[in-house]
Every structure is written in structure tokens, then in C-alpha cells.
Amino acid sequence: MYFLPTVDQLALQRGVRDLLDDRFPLDRLPAGYDAGLWESLTETGVFSLRSELGLGLADAVLVFEELGRAGLPGPLVGTFLLGGSVAGPVTVVDPDRRPLLVSHLDVAAGLLVLDTDGAYVAAPVTGVPLSDPVDPLTPLHELVAVPDPTATRLGETTAELRAAGVVLTAALQVGLAGRLTELAVDYAKTREQFGKPIGSFQAVKHLCADMFVRAELARAGVHSAAVMLDDPEVGDASRAVHGAKLLADEAATTNGRSCIQVHGGMGFTWEVPVHFFAKRAWLQATEFGTADEHAEDLAGLL
């Protein structure tokens with residue numbers, strides 16, 4: 001088993017990055033969900049890598065890094081977990097978490113319910129919209145009750161779907177952490193203070209270097225977790241999954257703060273995209289388990 005990406009995997013990742021750079025540049029980010037781009041991603045096979053192309057999570061996390069790097073809004077993980085079996089975006093509902101908050105319910109064609117007794121698909125329902133979500137590009141609705149199933153239960157167990165969801169969400173966080181590092185470094189090279197680029201100051205150098213290290217450590221953890229889920233004989237997949245989410249959430253949220261710090265006062269404004277990435281990192285750090293929950297689960301495995 002190889003932990004390093006192959007030539008074909010890197011080509012797949014580059015292709016997705018090129019598509020997103022062309023169709024969803026930074027200046028497009030504030031517009032939010034793009035139905036046309038979502039359709040292009042579907043036709044490209046982004047959401048059916050496993051179901052139709054026969055690839056594994058090791059391939060999927062490379063793609064999801066690019067989706068995270070672009071800050072692409074939408075119910076990415078739920079749609080991938082169902083592998084295109086529902087025609088349209090699919091969001092996730094976890095009955096074990098209260099309140100029942102669902103993202104992107106306004107565009108969802110179906111709901112993936114991760115019930116303890118078995119995962120199933122439900123038809124779209126209505127919910128009460130939250131007036132001030134943490135991420136302005138991720139609308140949230142609160143459901144009154146868990147929706148009833150409209151189809152037979154899925155073949156994969158809830159535990160398998162949760163584990164895959166954790167790793168895919170962690171991959172999105174890795175993409176965010178890497179993009180925040182890029183934004184900080186680019187700004188540090190051009191912003192001048194006292195007649196010099198701020199990137200020449202040791203304090204800023206250390207901030208950017210720490211951001212890079214956090215992102216790379218998280219990337220290694222996410223890739224290894226994906227490989228172990230594809231082939232459990234490689235190692236302890238449970239420990240790797242919990243560790244990957246912990247590393248990725250730390251990298252994304254801390255890099256968000258550091259990137260804002262590098263940008264100074266401008267980092268708090270809507271003039272730059274940094275705050276969108278930071279808020280997305282905060283939100284995704286609560287999805288498929290919080291840091292405290294994963295730390296407790298990981299400690300129970302030691």
C-alpha cells in the first residue's frame with residue numbers, strides 16, 4: 001500500500017483545481033452556491049468517484065482538498081456519500097445531535113439521515129431558517145423532527161458513512177488550511193510597512209511557517225486515514241480517522257486566525273476573502289464531530 005499520491009491521483013487533483021480556478025475564482029466566492037458549477041462537477045464525476053469510477057477515499061480526499069481550497073459552498077459530503085444515487089445535492093441529518101441543524105436545505109434534493117439503527121434517504125423537508133449563520137455562505141435550517149425514510153436503508157452502515165464523512169470533512173479543512181497559508185504568504189510579500197514587505201519581519205515569517213507546517217501535518221493525517229479506510233489491513237482506521245479530524249480542524253481554524261492577523265485590520269473586513277474561509281473552518285469543525293468528541297473517542301482507543 002502506497003501512502004504517497006500516484007501520478008494519476010495528482011493529475012485528477014490538478015484537473016479539479018483547474019476547473020475550480022476557472023469557474024470559481026476568489027472574486028466569485030461571495031456569490032455563494034453556484035448551481036451551474038455544481039452540475040459541471042456532477043458531470044465530471046466528482047461525486048461519483050467511488051460509485052461509478054471505482055476509486056477510493058484516497059482519491060476522493062485529494063479532490064475534496066481542492067473543493068475546500070476553493071471554499072466551494074454546498075452539501076459536498078452528503079452528495080458524495082450517496083454517490084449520485086439522488087439526482088441533485090444531498091445534505092446530511094444526524095438525529096443524535098440537537099438541535100437538528102441542516103445546511104443547504106434550500107437546494108437539497110434529498111437528505112441522508114445517519115440514524116443509529118441504519119442510514120437512509122429521506123425526501124426534502126422544510127425547516128426554520130437561521131437568521132445569522134456562522135458562515136454566511138452556508139445557510140442553516142432547523143428541523144422540528146427527523147424525516148421519515150422514503151427508500152430502503154443503505155447498504156453501508158452508519159458507522160462506515162460517518163467515518164467517510166469525517167475524513168472528507170477533514171479533507172475540506174486541509175484545503176482551507178492550505179489556501180489560508182497561500183493568502184497569508186501572498187499578502188506578506190506585497191504589503192509594505194516601514195518601507196519593507198511585512199514578510200521580511202521575523203514575526204510574520206514565523207506565523208506563515210507555522211501555518212504551512214499545520215497544513216502539511218493535517219494533510220498527511222487525512223491521507224493516511226483515507227488509505228486505511230480503503231484497506232483496513234494497513235492499520236487502525238478508527239484511530240487514524242479521529243486523529244485526521246483533530247489535526248485538520250486545528251490547522252484550518254488556527255490558520256484562519258493567523259491569516260487574519262497577517263492581514264491586520266483588513267483581515268476583519270469584507271474586502272478580502274479571508275473571513276469567508278475562517279468562518280467556513282469554524283463551521284466544518286462542528287460537522288461530523290467536534291474536537292472534544294474526537295479527542296474523547298481517540299482516548300478511548302488508546
Tyr33, OH: over 12 other non-hydrogen atoms inside 6.0 angstrom: yes
Leu207 CG to Thr254 OG1 distance, which is reported to the nearest 0.5 Å: 11.5 Å
Heavy-atom pair of closest approach, residues Ala108 and Pro124: O-CG, 3.7 Å
Exercise answer: donor-acceptor pairs, residues 47-67 side-chain atoms, under 3.5 Å, sequence neighbours excluded:
| residue | atom | partner | partner atom | Å |
| --- | --- | --- | --- | --- |
| Ser51 | OG | Gly83 | O | 2.8 |
| Asp59 | OD1 | Gln9 | NE2 | 3.0 |
| Asp59 | OD2 | Gly56 | N | 3.0 |
| Glu65 | OE1 | Arg219 | NE | 3.0 |
| Glu65 | OE2 | His223 | NE2 | 2.6 |
| Glu66 | OE1 | Arg17 | NE | 2.7 |
| Glu66 | OE2 | Gln13 | NE2 | 3.3 |
| Glu66 | OE2 | Arg17 | NH2 | 3.2 |

Between CD on residue Glu250 and CD on residue Gln173, distance to nearest 0.5 Å: 11.0 Å
Taking every non-hydrogen atom, the tightest pair across Leu176 and Gly68: CD2-O, 3.3 Å
Distance (rounded to the nearest 0.5 Å) between Lys189 NZ and Ile198 CD1: 12.5 Å
Connected via hydrophobic side-chain network under 4.5 Å: Leu140 and Val113: no
Heavy-atom side-chain contact between Asp115 and Val146 under 4.5 Å: no
Side chains of Val92 and Pro75 in contact at under 4.5 Å (non-hydrogen atoms): no
Transitive ILVMFWY side-chain link Met211 to Val185, under 4.5 Å: no
Can I get a per-line list of side-chain donor-acceptor pairs under 3.5 Å for residues 19-28, giving both atom names and the distance, sequence neighbours left out?
| residue | atom | partner | partner atom | Å |
| --- | --- | --- | --- | --- |
| Asp21 | OD1 | Arg69 | NH1 | 3.3 |
| Arg23 | NH1 | Ser40 | OG | 3.0 |
| Arg28 | NH2 | Asp34 | OD2 | 3.2 |

For a quick test of your reading: what N or O donor-acceptor pairs under 3.5 Å do the side chains of residues 294-302 make, sequence neighbours left out?
| residue | atom | partner | partner atom | Å |
| --- | --- | --- | --- | --- |
| His294 | ND1 | His242 | ND1 | 3.0 |
| His294 | NE2 | Phe288 | O | 2.8 |

More than 12 heavy atoms of other groups within 6.0 Å of Glu43 CD: yes
Cluster check Phe80, Leu161: I/L/V/M/F/W/Y, side chain < 4.5 angstrom: yes
Distance-minimising heavy-atom pair for Leu100 and Ala145: CD1-C, 3.7 Å
Beyond-backbone contact of Val107 with Trp38, side-chain heavy atoms, under 4.5 angstrom: no
Spatial distance of atom CG (Asp148) from atom CG (Leu111) [nearest 0.5 Å]: 11.5 Å
Minimum heavy-atom distance between Pro139 and Asp106, given as atom pair plus value: CG-OD1, 3.8 Å
Nearest non-hydrogen partners of Pro89 and Thr79, listed with the distance: CA-OG1, 3.5 Å
Hydrophobic cluster membership, Leu180 vs Leu247, 4.5 Å side-chain cutoff: no
Donor-acceptor contact below 3.5 Å, side chain Arg179 vs main chain Gly71: no
Within 6.0 angstrom of Gln261 CD, more than 12 heavy atoms from elsewhere: no
side-chain contact (heavy atoms from CB on, under 4.5 Å) between Glu142 and Leu130, worked out: CA-CA 7 Å; Glu142 181 177 355; Leu130 270 64; 4.2 Å; yes
Smallest separation among heavy atoms of Pro133 and Thr138, with atom names: CB-O, 3.7 Å
Contact check, side chains of Leu72 and Leu41, non-hydrogen atoms, under 4.5 Å: yes
Expected output: side-chain Thr91 to main-chain Leu105 donor-acceptor under 3.5 Å: no
Trp282 with Val272, same ILVMFWY side-chain cluster at under 4.5 Å: no
Distance, nearest 0.5 Å, that separates CZ of Arg162 from CG of Asp96: 5.5 Å
Candidate pair Phe277 and Leu183, rule side-chain contact (heavy atoms from CB on, under 4.5 Å), full reasoning: CA-CA 10 Å; Phe277 290 106; Leu183 293 172; 3.9 Å; yes
Note, Leu168 side chain near Leu81 side chain (heavy atom, < 4.5 Å): yes
Gap between atom CG of Leu143 and atom CG of Leu101 - 0.5 Å precision: 8.5 Å
Test applied, side-chain contact (heavy atoms from CB on, under 4.5 Å); reference residue, Thr169; option that passes from Val174, Thr286, Asp249, Val77: Val77
